[in-house]
Amino acid sequence: MSTTSLCVGVVAPLTGRLAPLGSPLSYVLRRLAPRLAHVRNRGRRYDVTIAVRDSRSDPDAARQAVHDLADADGANVVLTMAGTRVLPAVTDACEEARVPCVSTTFPWQAYVHTRGAGPGHRFRWTYHFAWGLDDIAAVFADLWERVDGRGAVGCLWNDDLQGGLLRHDRYGFAPVTSPRGHTLVDLGAYREPADDFRTQVSRMREHGADLVTSAATATDLALFHRQARETGLRPRLITCSRWLTYPHTHTTPASDVHSELADAGVATLVYWSPDHPYRSSLDGTTCAELAHAYQQDTGAAWLQPLGLAHSLLETAHHALAIADDPTDRASVAQALAGTSLDTIAGRLDWTRGPTPNIALLPLVGGQWHHGREGPRLAVVSNRAHPGVPLTGELAPAR
């Protein structure tokens with residue numbers, strides 16, 4: 001039986017501001033190395049090497065990493081995650097280099113929009129799995145309704161990509177939340193990192209909003225919350241995506257941020273947790289087992305991207321195993337387009353959409369609760385995904 005070598009390329013943020021999000025990917029690469037060493041396809045065994053290049057949390061470095069993987073390493077498929085500017089740089093570079101790519105951790109509308117395309121556009125080489133901005137809006141609206149019915153919601157959105165898309169009349173929050181009776185109050189765009197939110201606080205008071213939704217960094221959100229409290233405002237609930245989906249402990253200074261937000265009633269989206277009811281297609285590992293192993297091996301709290309990083313590798317292995325010719329990049333891309341696979345992050349189905357090149361992941365709602373070992377992300381709303389058990393109750397700010 002003949003043996004041929006294949007290469008899985010990985011662009012990961014090993015250094016720079018996104019480095020904390022590179023840790024889960026680095027961990028699953030180490031953990032799954034024995035499983036990924038070989039692939040069997042149509043009775044033939046292929047040796048597999050893993051080539052990792054550092055994006056340095058920078059779009060230009062990420063593009064160079066792709067070219068190095070495609071040319072020097074001969075990657076048959078490239079995997080990546082994390083970074084609102086870095087991830088599109090990787091995917092565009094893969095499209096240009098004609099090498100298949102699988103990515104995650106980025107709402108699909110943002111993935112399409114930042115690449116200069118619209119819904120319905122079909123990329124030849126690049127595939128993505130995640131959730132939509134509309135899914136975030138639906139989860140957050142459910143959380144608002146549990147606390148305050150259908151009152152005014154103050155929107156703390158920046159002046160960059162995230163804020164622009166959240167305000168978008170087609171992709172954003174309004175098309176989902178307005179029909180449910182919510183009034184969104186734009187508190188005014190701000191630039192990250194922020195040094196003052198008094199204008200936004202004043203606008204929140206003017207409109208009588210006592211709920212806040214945002215995609216701010218934890219540091220910026222803590223500043224907003226502190227300045228709001230100084231004027232006597234105390235939002236009953238803050239729903240925040242992006243950085244607040246991760247433990248506060250990786251921010252700087254972590255203790256100050258956690259202290260400020262500890263009783264702020266911060267809720268967020270949950271796309272993966274130890275309580276999700278899935279198993280790895282590679283070795284049968286459950287979500288709970290993976291989270292426990294990560295904590296035992298690294299001494300760090302589990303992160304939501306951990307499950308998605310694992311699923312990236314499951315997807316690459318599957319595509320190489322079913323492609324008509326795994327040594328041919330076009331054949332691997334075709335295999336990805338037809339993939340429907342049960343992974344540790346759930347079923348990834350690129351045959352259904354919502355638009356070409358996208359596989360959807362469902363969301364549930366979570367909230368940061370106090371725990372003996374630090375902040376604990378509890379699942380407090382599972383309306384969109386009842387298969388994920390509730391692990392806590394939604395609590396307004398104290």
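In what follows, every heavy atom counts, from backbone to side chain, and hydrogens, waters and symmetry copies are set aside.
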According to a 4.5 Å side-chain heavy-atom criterion applied to Ile, Leu, Val, Met, Phe, Trp and Tyr, with indirect links allowed, do Trp350 and Leu308 form part of one hydrophobic cluster? yes
Please name the pair of heavy atoms, one in Ala174 and one in Pro179, separated by the smallest distance, quoted to 0.1 Å. O-CD, 3.6 Å
For the pair Ser281 and Asp342, evaluate side chain to side chain donor-acceptor pair (under 3.5 Å) and give the outcome as yes or no after the intermediate values. CA-CA 6 Å; Ser281 62; Asp342 288 319; over 6 Å; no
Specify whether His168 and His113 have parallel, tilted or perpendicular ring planes, treating 30° as the upper limit for parallel and 60° as the lower limit for perpendicular. perpendicular
Test Thr285 against Arg279 for side chain to side chain donor-acceptor pair (under 3.5 Å), laying out the working first. CA-CA 5 Å; Thr285 298; Arg279 290 180 178 270; over 6 Å; no
Taking the six-membered ring where the residue is Trp, are the ring centres of His182 and Trp144 under 6.0 Å apart? yes
Can you confirm whether Met204 sits close enough to Phe224 that some side-chain heavy atom of one is under 4.5 Å from a side-chain heavy atom of the other? yes
Qualifying residue for side chain to side chain contact (heavy atoms under 4.5 Å, CB included) with His225, from Val266, Ile238, Leu156: Ile238
In terms of ring plane angle, is the pair His385 and His276 parallel, tilted or perpendicular, where the classes change at 30° and 60°? perpendicular
Report yes or no: do Leu312 and Ile322 belong to one cluster of Ile/Leu/Val/Met/Phe/Trp/Tyr joined by side chain heavy-atom distances under 4.5 Å? no
Between His292 and Tyr294, is the ring centroid distance below 6.0 Å? no
Could you go through the side chain to side chain donor-acceptor pair (under 3.5 Å) check for Ser340 and Arg347 one step at a time? CA-CA 7 Å; Ser340 180; Arg347 174 166 283 271; 2.4 Å; yes
In short, Phe106 meets Gly83 closest at the heavy-atom pair CE1-O, 4.5 Å
Determine whether more than 12 heavy atoms belonging to other residues, nucleotides or ligands lie under 6.0 Å from atom CD of Glu192. yes
Considering only heavy atoms from C-beta outward, does the side chain of Leu143 approach that of Leu394 to under 4.5 Å? yes
Please answer: with hydrophobic residues joined when any side-chain heavy atoms are less than 4.5 Å apart, are Leu348 and Val112 in the same cluster? yes
Within 6.0 Å of CZ in Arg180, more than 12 heavy atoms from elsewhere: yes
Would the number of heavy atoms belonging to other residues, nucleotides or ligands and lying under 6.0 Å from CD of Gln334 be above 12? no
How long is the straight-line distance from CD of Gln109 back to CG of Leu133, given to the nearest 0.5 Å? 4.5 Å
Any cation-pi pair here, Arg115 with Phe123, using under 6.0 Å and within 45°? yes
Identify whether Leu187 and Leu223 are in the same connected component of the hydrophobic contact network (ILVMFWY, side-chain heavy atoms under 4.5 Å). yes
For this output row, return yes or no: ring centroids of Tyr27 and Trp302 closer than 6.0 angstrom. no
In one Ile/Leu/Val/Met/Phe/Trp/Tyr side-chain cluster, 4.5 Å: Val201, Val212: yes
Could you go step by step and tell me if Asp324 and Ser331 meet the side chain to side chain donor-acceptor pair (under 3.5 Å) rule? CA-CA 6 Å; Asp324 288 342; Ser331 181; 4.9 Å; no
For residues Leu36 and Val48, report the shortest heavy-atom separation together with the two atoms involved. O-CB, 3.0 Å
